[in-house]
Amino acid sequence: MVAFPIEVIRHSAAHVLAQAVLELFPEAKLGIGPSIEDGFYYDFELPRSLSDDDLIDLERRMNVILVQDQPFSQLEWTAEEAVAYMTEKRQSYKLDIIKDLNLPTYSFFKNGPFLDLCKGPHVASTGQIGVIKLLKVSGAYWRGSEKNPMLQRIYGTAFCAREDLDRHLLKLEEAKKRDHRLLGKDLGLFSIQEDIGGGLILWHPKGARMRYLMEEYWRQVHLRSGYEFVNSPHVGLSKLWHTSGHLDFYQENMYSSIRVEEQEYYLKPMNCPFHIMVYKDKGYSYRHLPLRFAELGTVYRYERSGVLHGLMRVRGFTQDDAHIICTPEQVQDEILTVMKLCLDVLSVFGFQKVEVYLSTRPKEKFVGDLEQWAQAENALRQAIDILGIDYQVDDGGGAFYGPKIDIKIEDAIGRQWQCSTVQFDFNLPDRFDMTYIGVDGKKHRPYMIHRALWGSVERFFGILIEHYEGKFPAWLAPVQVRLLTVSETAESYALFLKKSWMAHGIRVELDHSNDKIGAKIRKIFLDKIPYHIVLGDREIQSKMICVKQGNKEVGSFGIEEARDFFLSESAYPDFLDVASPH
RNA sequence: GCUCCUGUAGCUCAGUCGGUAGAGCAUUUCCAUGGUAAGGAAAAGGUCGUCGGUUCGAUUCCGAUCGGGAGCUCCA
């Protein structure tokens, strides 16, 4: 038997799905049925909505078709024949596709009684599809546009062998266990509450403690890399947002205005205008540049209710934002150091695998002159080249105001997340008339670069939760070590240790509940605490304590020695080669 | 926002073919003082998301509304 690529198997499975759906609903209208990452789907317009029972029924019908081992064969029809056939079958969506493709001839694939417009390729016969599984049904707009009717999309997957399918299903279960929304609740990190509003995050003590650690690290790194900190308000007058253009181009994502004393204020959806106003409050010359203004700035954006998702997509979030204002000559260096800083920071948090995307000037509708764009794109490209990273180019994918680099990180189970972004802006410096005095004593327009390393604190935190499955490294964990008393006799000793270590900044917790030691150990695992120490008469008498990491023994220490161990475990991982300031 | 699914104790869920509800975990108290993944007992805890309709009677049926989930579109 010839081995077919998995996409071919899945696309063939999609045909079989459509075939089964037509058996059940002869009047069904078919949309499209491609293979996707991990599976396939097919869109249908059906007389009623599908239930889980329908999926079971369809799956059974599909399996019958697989057993029948119907051969796939390709047909080539003229446009007239194709249109005539689809008209007769009342397949209006297929007619849409034909009209759009506008070809002289069309390829069709046939297996058993089922015929579909399709350029292939397919497996030789349905028996070669292996094993299939329908997963879920949900709505999807025809051609992705909400102006079009909503179809029912059936998702499924197919694999060559049963073991592969089982492994895949297991992986889906594993991914579920990492869900930051569940872990966030279980570990007491954050919550989202009905009475507060969707997309608004409540950081609980454990989560807020981690956020503090993240932000503390972030501030240290930025200080050492030549950034200045600024802070800006959460609201600003409408005039500011008119000048910035946000009220013209971004209003649909902004909350409505707040009216006070005949003045209109808007919640900030971005920090840039404020940073620019800091710049404009003083005259700068080329001697002052580059300036790097950084802020953990909390912004508010209206997002449609359906798109909110845990920490990943929210309505109020904190960007780890910075704006670099520099001369054309400095652009190259700045981009390179930003990229280095970015990769360093990502790797400290455990993300060594990244994918880099360069987005260049749109074909039309852009601001700034071609020379600027060329210089900016060149700076971005060279930085990636010098760092020796592979990257993909999204030609014409840049914003109207400038080219950019986006970095996606890959988590522990291979999913990608967009976080970091480095963007040129040729728009705001003009709108705000930003200038600096050059060597020639004349006014010049500076370059401005927006950049964020995490993207947003909330999203990055969510990714961290899923990446580590809640088992955070000791430097980041909200609780580094928990002391477990064997019985009440150890309580005062444990309390003494806790207090003295806490005073050194060690994040230590004491479990002096009435539980037996076995139950306390169990909680260590449930709460995903990195280290624990059991305290009983033995430890009190010997003045030695045994530090354990899960089931592993780290070592036996004296009290001071143990304290120093945890102090060393509190240190940030090394970030070497931090960009040196000018 | 749209389509579908969903909403019972702090959490996870069971249940009522219409007669105002139950388990486990968590909490509190008591007993036990136990040495590496759940010691025992008791108590407390719910206008069954909200509003309206049908009904002698609604947590259950119907409608609306507000949350949550999956996906579509969009995005940090």
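So that the names make sense, note that chain A is the first sequence line, chain B the second, and so on, each numbered from 1.
Contact of Arg459(A) with C75(B) (side chain to base): a donor-acceptor pair of N or O atoms is detected under 3.5 Å. Not a single donor-acceptor contact under 3.5 angstrom links the side-chain atoms of Tyr302(A) to the base of G1(B).
Put simply, the residue from Phe460(A), Trp417(A), Phe351(A) that forms a ring pair (Phe, Tyr, Trp, His ring centres under 6.0 Å) with His467(A) is Phe351(A). In summary, of the residues considered (Lys520(A), Lys523(A), Lys206(A)), a salt bridge (Lys or Arg N to Asp or Glu O under 4.0 Å) with Glu509(A) occurs for Lys206(A) alone.
Among the atoms of the strands shown, none is found under 4.0 Å from any heavy atom of Arg143(A). Gly518(A) comes within 4.0 angstrom of sugar-phosphate atoms only, judged by non-hydrogen atoms across all strands, and of no base. The residue Glu303(A) sits close to a base: some heavy atom pair falls under 4.0 Å. Within 4.0 Å of Glu539(A), counting heavy atoms only, lies at least one base atom of the nucleic acid. In this structure, Asn253(A) reaches neither bases nor backbone, as no heavy-atom distance under 4.0 Å exists between it and the strands shown. Across all strands shown, Ser305(A) has heavy atoms under 4.0 Å from base atoms, whether or not it also approaches the sugar-phosphate. Looking at heavy-atom distances under 4.0 Å, Phe460(A) makes no contact with the nucleic acid at all. Across all strands shown, Gly144(A) has heavy atoms under 4.0 Å from sugar-phosphate atoms exclusively, and none from any base. Contact annotation for Asn514(A): base contact, defined as any heavy-atom pair under 4.0 Å involving a base atom. Among the heavy atoms of the strands lying under 4.0 Å from Glu488(A) is at least one base atom, whether or not backbone atoms are also near. Counting non-hydrogen atoms under 4.0 angstrom, Val314(A) reaches a base of the nucleic acid. Contact annotation for Arg304(A): base contact, defined as any heavy-atom pair under 4.0 Å involving a base atom. In this structure, Lys136(A) reaches the sugar-phosphate backbone alone: every heavy-atom distance under 4.0 Å involves primed, P, OP1 or OP2 atoms, never a base.
Taking the C1' atoms as reference points, G71(B) lies 49 Å from U29(B), given to the whole Å. The gap from the C1' atom of G19(B) to that of U60(B) amounts to 11 Å, rounded to the nearest Å. U6(B) and C48(B): their C1' atoms are spaced 15 Å apart (whole Å). For the P atom pair drawn from G1(B) and G46(B), the interatomic distance equals 33 Å after rounding to whole Å. G18(B) and C62(B) have their C1' atoms separated by 13 Å, given to the nearest Å. Atom name P, nucleotides C25(B) and G7(B): the rounded distance is 24 Å, in whole Å.
In this structure, Leu296(A) atom CG and A76(B) atom P are separated by 18 Å, rounded to whole Å. Straight-line distance from the CD1 atom of Ile36(A) to the C1' atom of G71(B): 11 Å, rounded to whole Å. The distance between atom CZ of Phe44(A) and atom P of C4(B), rounded to the nearest whole Å, is 17 Å. Between the CG atom of Leu134(A) and the P atom of C4(B) there is a distance of 20 Å, given to the nearest Å. Between the CZ atom of Arg48(A) and the C1' atom of C4(B) there is a distance of 13 Å, rounded to whole Å. One can place NZ of Lys147(A) at 11 Å from C1' of U73(B), the figure rounded to the nearest angstrom. Atom P of nucleotide C75(B) and atom CD of Gln319(A) are separated by 15 Å, given to the nearest angstrom. For the pair Ile521(A) CD1 and A38(B) C1', the computed distance is 12 Å after rounding to whole Å.
For the pair Ser145(A) and His309(A), nearest-nucleotide mapping onto RNA chain B gives the more 5' position to His309(A). Nearer the 5' end of RNA chain B, as judged by each residue's closest nucleotide, is the contact made by His532(A), out of Gly455(A) and His532(A).
Remark: the Tyr357(A) side chain and the Glu355(A) side chain contain an N/O donor-acceptor pair separated by less than 3.5 Å. A donor and an acceptor atom, one from each side chain of Trp142(A) and Asp96(A), are located under 3.5 Å apart.
For Lys185(A), the side-chain atoms get nearest to U12(B) when compared with the rest of U12(B), G39(B), A37(B). The side chain of Ala519(A) approaches A38(B) more closely than any other nucleotide in the set A76(B), A38(B), U36(B). The side chain of Arg313(A) has A76(B) as its nearest neighbour among G69(B), G67(B), A76(B). Taking every side-chain heavy atom of Ile517(A) into account, G35(B) is the closest of G1(B), A76(B), G35(B). Here G71(B) is the nucleotide among U36(B), G39(B), G71(B) with the atom lying nearest to any side-chain atom of Ser138(A). With distances taken from any side-chain atom of Val307(A) to the nucleotides U73(B), A37(B), G35(B), the minimum falls on U73(B). For Glu194(A), counting side-chain heavy atoms from C-beta on, the closest listed nucleotide (G67(B), G35(B), G39(B)) is G67(B). If you check U33(B), C2(B), C11(B) against the side chain of Met150(A), the one that comes closest is C2(B). Taking the side chain of Glu146(A) as heavy atoms from C-beta on, and the options U73(B), A76(B), A37(B), the nearest nucleotide is U73(B).
A parallel orientation is assigned to the rings of Phe472(A) and Phe461(A), their planes being inclined by less than 30° (bins at 30° and 60°).
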Dump the intermediate steps for side-chain contact (heavy atoms from CB on, under 4.5 Å) on Ile409(A) and Ile463(A), then the final yes or no. CA-CA 9 Å; Ile409(A) 55 179; Ile463(A) 297 167; 4.0 Å; yes
Base-pair string, RNA chain B, Watson-Crick plus G-U, cut-off 3.5 Å on both distances, | for inter-strand, is (((((((..((((.....[..)))).(((((.......))))).....(((((..]....))))))))))))....
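The six-membered or imidazole ring of Phe366(A) lies away from that of Tyr401(A), with a centre-to-centre distance of 6.0 Å or more. Aromatic ring centres of Tyr255(A) and Tyr266(A) lie farther apart than the 6.0 Å criterion allows. Between Tyr155(A) and Tyr42(A), the ring center distance fails the sub-6.0 Å criterion.
Atoms CG and CD1, from Asp179(A) and Ile465(A) in turn, are 9.5 Å apart once rounded to the nearest 0.5 Å.
Tyr155(A) does not qualify as a stacking partner of the G71(B) base, lacking a centre-to-centre distance under 5.5 Å together with planes within 30°. A stacked arrangement is assigned to Phe525(A) and the six-membered base ring of A37(B), with a centre-to-centre distance below 5.5 Å and an interplanar angle below 30°.
Among residues two or more places apart in sequence or in another chain, the side chain to side chain donor-acceptor pair (under 3.5 Å) test is passed with Ser244(A) by His246(A).
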